[in-house]
Structures are given as structure tokens and as C-alpha cells.
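Step one of this worksheet: look at the structure below.
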Amino acid sequence: VTPNEETLNHAVYNRDARLVTMLLETGAVPTPDMLQTVVYRRQKWEMAQALIAHGAVPKEETLDYAAKSLTRGWVELLIEAGARPTPAMLYNAIYNNKDYIAEALIAGGAVADEKTLNYAVNNRDAIWVTMLVEAGAMPLPDMLYTAVSYQKWRIADALIAGGAVPDERT
């Protein structure tokens, strides 16, 4: 660790945006851990942008934390900086009724899995079923059966549009 990097790390930890900017401009190299510190401690947006502009790449757990605890803007910033959303992040956003986060994750490339789609079907949420199918979630026959048994025709239509095949139960 060079003195510049150590000083940068302390400046980040101490929330000294002015010193962080100065050190970055003089060649200090930010690390993913520094960016994680900014996000976890809910520090200034501008500090995160500066670290990213100088090469800090977010870790997966940094995006996961932002998706659970912060705003859509933070999630979008981290995705634009190279963080990749996971199906688990998308599931958590939908499970916790954070539509704005789920939308950002989908826009950032999150792939919906069967667990997430099944959750939306069982909670009778036609909007999310449609969005998840459009984002690539593969409907299973049991999901269609569930939608039909709930008499949720918009959900059934979305599942069929996504490739669900009706069977003798539906």
C-alpha cells in the first residue's frame, strides 16, 4: 500500500470528500473496498462517483447491500459501474415490495428465476408476473395451474405468453 492509497483509505473512512477528491486527482488508486465503505456507511453520493470515475469497481455484496437498504439511484450507479445483479437480489426486492429497486435490477440485467416468478404468481401480482416473464423467467405448468385456480386470468395470460403450456388441469 502506497502512502497515497493508505491516506485515501483513511479519507474515505473519515468521510473527507475534499481530501478524497484531492488524492484521486493526484493519482491515488481506489479499491472496491473503499467504494464498499462509502456505500455501507451511506456517505456522499459524490464520493462514490469520484471513486468509480477513478476505477473503483463495486463488489457483488456492495450492490446487494444497496438493493436491500438504499435507493434506486445507488443501485443504478453501482450497476453502471459494473456490478451485476443476481436473481437473489431481484427476489429480495420483490419480496420486500421494493418495485423501484426490482425495476432497476431488471434494467441492469437481472435474470428472473423460477423462485421469483413463483413468488409473484402465489402473491397474485399480475404486474410482476408480466415483468418477470418479459425479463426471461420461465413459467412452469404448476404456476399456470395456480393462476387458474386463483382465477387470475391476467397472470395466466402472462404465463402463457411466456411459454407456459396449458394441460388437463388448466
Side-chain angles (χ1 to χ4, degrees), residues 1-138 158 162:
V1 176
T2 66
N4 233 6
E5 289 174 36
E6 188 173 322
T7 305
L8 177 59
N9 194 40
H10 285 291
V12 167
Y13 186 80
N14 290 318
R15 304 173 189 223
D16 189 338
R18 189 175 61 84
L19 182 56
V20 167
T21 301
M22 184 185 77
L23 290 167
L24 289 170
E25 289 173 355
T26 59
V29 178
T31 66
D33 289 335
M34 292 175 194
L35 182 57
Q36 187 168 344
T37 297
V38 170
V39 173
Y40 279 27
R41 296 182 78 207
R42 300 175 187 209
Q43 293 178 352
K44 294 182 178 179
W45 174 269
E46 295 79 16
M47 193 181 305
Q49 288 178 312
L51 291 169
I52 289 168
H54 286 85
V57 177
K59 296 178 179 181
E60 182 180 305
E61 59 262 29
T62 306
L63 178 59
D64 187 48
Y65 175 82
K68 289 177 182 173
S69 305
L70 300 176
T71 64
R72 180 181 180 136
W74 278 100
V75 170
E76 290 171 339
L77 176 70
L78 295 171
I79 290 172
E80 288 171 15
R84 291 290 138 237
T86 66
M89 291 175 199
L90 182 57
Y91 175 84
N92 286 330
I94 291 173
Y95 179 82
N96 290 304
N97 294 314
K98 292 186 173 186
D99 296 354
Y100 55 97
I101 298 293
E103 289 168 352
L105 293 170
I106 289 172
V111 176
D113 59 9
E114 294 170 7
K115 177 182 175 183
T116 307
L117 181 57
N118 194 48
Y119 178 81
V121 169
N122 282 305
N123 281 287
R124 304 171 190 155
D125 192 327
I127 293 170
W128 273 112
V129 170
T130 302
M131 287 183 73
L132 292 170
V133 167
E134 289 173 357
M138 294 301 300

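Computed from a predicted model, the values in this text were never measured in an experiment.
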side-chain contact (heavy atoms from CB on, under 4.5 Å) between Val75 and Leu70: does it pass, once the steps are laid out?
-> CA-CA 8 Å; Val75 170; Leu70 300 176; 5.9 Å; no
Lys59 vs Asp64, salt bridge (Lys or Arg N to Asp or Glu O under 4.0 Å): CA-CA, chis, key distance, verdict | CA-CA 9 Å; Lys59 296 178 179 181; Asp64 187 48; over 6 Å; no
Do the rings of Trp45 and Trp74 sit parallel, tilted or perpendicular, given the 30° and 60° boundaries?
->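 Judged by the thresholds at 30° and 60°, the geometry between Trp45 and Trp74 is perpendicular.
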Tyr91 and Tyr119 aromatic ring geometry - parallel, tilted or perpendicular at 30°/60° bounds |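 Perpendicular: the ring planes of Tyr119 and Tyr91 meet at over 60°.
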Interatomic distance, [X] atom [atom1] to [Y] atom [atom2] [nearest 0.5 angstrom]:
X: Ile94; Y: Asp125; atom1: CD1; atom2: CG; value: 8.0 Å
X: Ile101; Y: Thr71; atom1: CD1; atom2: OG1; value: 6.5 Å
X: Arg84; Y: Ile79; atom1: CZ; atom2: CD1; value: 7.5 Å
X: Arg72; Y: Leu77; atom1: CZ; atom2: CG; value: 13.5 Å
X: Leu117; Y: Leu90; atom1: CG; atom2: CG; value: 10.5 Å
X: Thr21; Y: His54; atom1: OG1; atom2: NE2; value: 8.5 Å

Is the OH atom of Tyr40 crowded by more than 12 outside heavy atoms at less than 6.0 Å?
->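 Counting other residues, nucleotides and ligands, OH of Tyr40 exceeds 12 neighbours.
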CD (Glu103) with more than 12 external heavy atoms under 6.0 Å |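 For Glu103, atom CD is crowded (more than 12 foreign heavy atoms under 6.0 Å).
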So, for [X] and [Y], which heavy atoms are closest and what is the spacing to 0.1 Å?
X: Val57; Y: Ala81; result: CG1-O, 4.1 Å
X: Ala28; Y: Leu8; result: CB-CD2, 3.7 Å
X: Leu105; Y: Ala67; result: CD1-CB, 4.4 Å
X: Ile106; Y: Met131; result: CD1-CE, 4.5 Å
X: Ala104; Y: Glu76; result: CB-CG, 4.0 Å
X: Ala158; Y: Val129; result: CB-CG1, 4.0 Å

Using a distance-only test with no angle check, is there a side-chain donor-acceptor pair under 3.5 angstrom linking Thr7 and Asn4?
->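 Result is no, nothing qualifies.
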Option among Val38, Thr31, Thr37 that satisfies the side-chain contact (heavy atoms from CB on, under 4.5 Å) test with Met34 =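 Testing each of Val38, Thr31, Thr37 against Met34, the sole residue satisfying side-chain contact (heavy atoms from CB on, under 4.5 Å) is Thr31.
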Are any side-chain N or O atoms of [X] and backbone N or O atoms of [Y], one a donor and one an acceptor, separated by less than 3.5 Å?
X: Gln43; Y: Val12; result: yes
X: Asn96; Y: Asn92; result: yes
X: Ser69; Y: Ala66; result: no
X: Lys98; Y: Lys68; result: yes

Does any non-hydrogen side-chain atom of Asp33 lie less than 4.5 Å from one of Asn9?
->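 No, too far: nothing below the 4.5 Å cut-off.
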